[in-house]
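Bear in mind the structure is a predicted one, so any value in this text is a computation, not a measurement. The analysis underlying the following values was restricted to heavy atoms, covering all of them including side chains, and did not include hydrogens, waters or symmetry mates. Letters A, B, ... mirror the listed sequences (proteins, then strands); counts begin at 1.
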Amino acid sequence: MSEAIWIILAGAAMTYLARAGGHVVLSRFERIHPRVEAGLNAVPAAVLTTLFAPALFSGGPAEITAMVVAGLVALRFSFMPMFVAGAVVLIALRYLLG
Amino acid sequence: MAVPAAVAAGPFAILYGAIAAKQGLPFFEIVLMSVTIFGGASQMVGVELFGQHLPGWIVVLSIFAVNFRHVLYSAAVGRRITSWPTWQKAVGFFFLVDPIYAESERKIEAHEEIGFAWYMGMGTLVYATWVLLSTAGAGFGALIPDTHALGLDFLLPIYFLGLVMGFRKRPLWLPVVLASGTTAVIAYRYVGSPWHVSIGAATGILLAAALAKPHPPADPEPDDAGIAP
């Protein structure tokens, strides 16, 4: 097998280790410390924010406007209207602004 | 919710396959990555590093760094699926990617049970979409016209923003988002991708832990502390 295939399989093993390991390690503790609990509850917002923040800051007017509109729509409506609004604004502005 | 998740991931599966093919990665390896790793951002990073002829362990470590956040997903979801038999957990954790985690958290938020059938239905739909469309992307990559005009490259940030907005009623949401976002942007500029994910996330999580109000030690630990309104 080529080296690349071994790299991919090792990467897959490490990825599975991450997905199963958090539970295996933390389930050994019967009581979870309140600070750990607060940290865990912050995980989704903390991680998902890092996945869009750089794109927002390196984006042009079309990207930033689309994000702002999507964020405002999210305050009142559910996920899908937010997603469609953001995508429509993005495509329209990219078309208009070149 | 699995359908929007699959729809949002779809363009990125195609994009991943197309970019990997353009980088000269063999078709089999492109598909193998989607089948075994099943993590978009880490696969993109893998493809990027394959092109730079780095030592293998650096590529493996980078894939792990991008997916390290799954340790935290695993800990959070693992607490809610304690009734699942071990084999179901072992299978289920393979599918614990961002959208599946986010939908599981949404269930937790609504005080609903995370059932194995519900979880796997969503997991396999997103997985099948991911594998099939990245295969398609690898095959037809060169034929995709203007991905920029179609906004394909920016659908995922909008998707993640929507997920973050959905968590806005949680305690400490605003400080966590501001801390993680600011640190991620700074780390992205000065440390580089993929480390901004781990660094930014760690900052927000540590801030939440630091700001948490400790319970008196005698109190029993409520199962959903911090999630209950």
Using heavy-atom distances under 4.5 Å, tell me whether B:F94 contacts chain A through its side chain, its backbone, both, or neither. both
Are A:M67 and A:F52 side-chain neighbours, meaning at least one heavy-atom pair lies under 4.5 Å? yes
What part of A:L17 gets closer than 4.5 Å to chain B, counting heavy atoms only: side chain, backbone, both or neither? neither
For chain B, find which of A:G86, A:A4, A:A66, A:A13 contributes the most heavy-atom pairs closer than 4.5 angstrom. A:A4
Counting N and O atoms only, with roles assigned by atom type, does the side chain of B:W84 sit under 3.5 Å from a partner on the main chain of B:I114, one being a donor and the other an acceptor? yes
Max heavy-atom pairs within cutoff under 4.5 Å with chain A, candidates B:I199, B:L172, B:L96, B:T82, goes to B:L96
Contacting region of B:F160 [heavy-atom separation from chain A under 4.5 Å]: both
Do other residues, nucleotides or ligands put more than 12 heavy atoms under 6.0 Å from the CZ atom of B:F167? yes
Answer yes or no: is there a side-chain heavy-atom contact under 4.5 Å between B:Y119 and B:K107? no
Go through the atoms of B:A90 and report whether side chain, backbone, both or neither lie under 4.5 Å from a heavy atom of chain A. both
Among the listed options B:S180, B:P26, B:G200, B:A187, the residue most often paired with chain A at heavy-atom distances under 4.5 Å: B:S180
Can you confirm whether B:Y188 sits close enough to A:T50 that some side-chain heavy atom of one is under 4.5 Å from a side-chain heavy atom of the other? no
Got a donor-acceptor contact below 3.5 angstrom from the B:E105 side chain to the B:Y101 backbone? no
One option among A:A38, A:P54, A:G11 has the most heavy-atom pairs under 4.5 Å with chain B, and it is A:P54
Given B:E109, which of B:R80, B:R170, B:R168 fulfils the salt bridge (Lys or Arg N to Asp or Glu O under 4.0 Å) condition? B:R170
Is any side-chain heavy atom of B:E29 closer than 4.5 Å to one of A:I8? yes
Is a side-chain donor-acceptor pair under 3.5 Å present for B:S34 with B:S134? yes
Leading residue by heavy atom contact count with chain A [cutoff under 4.5 Å; candidates B:V97, B:L207, B:V60, B:D98]: B:V60
Contact class of B:F38 relative to chain A, heavy atoms under 4.5 angstrom: both
Ranked by heavy-atom pairs below 4.5 Å to chain A, first place among B:L161, B:V185, B:V164 goes to B:L161
Between B:M165 and chain A, with a heavy-atom cut-off of 4.5 Å, which part of the residue counts as in contact: side chain, backbone, both or neither? side chain
Looking at B:W173, B:W57, B:F50, B:F95, which one has more heavy-atom pairs under 4.5 Å with chain A than the rest? B:F50
Option that, when pairs with chain B are counted at under 4.5 Å, heavy atom only, ranks first among A:A55, A:A70, A:G71: A:A55
How about A:Y95 and A:I91: do any of their side-chain heavy atoms sit closer than 4.5 Å? no
Between B:E103 and B:R106, does any NZ, NE, NH1 or NH2 come within less than 4.0 Å of an OD or OE carboxylate oxygen? yes
Counting heavy-atom pairs under 4.5 Å with chain B, which one of A:A53, A:A12, A:A18, A:S58 comes out on top? A:A18
Top residue by heavy-atom pair count (under 4.5 Å) with chain A, among B:G204, B:P157, B:A184? B:P157
At a heavy-atom separation under 4.5 Å, does A:F83 approach chain B through its side chain, its backbone, both, or neither? both
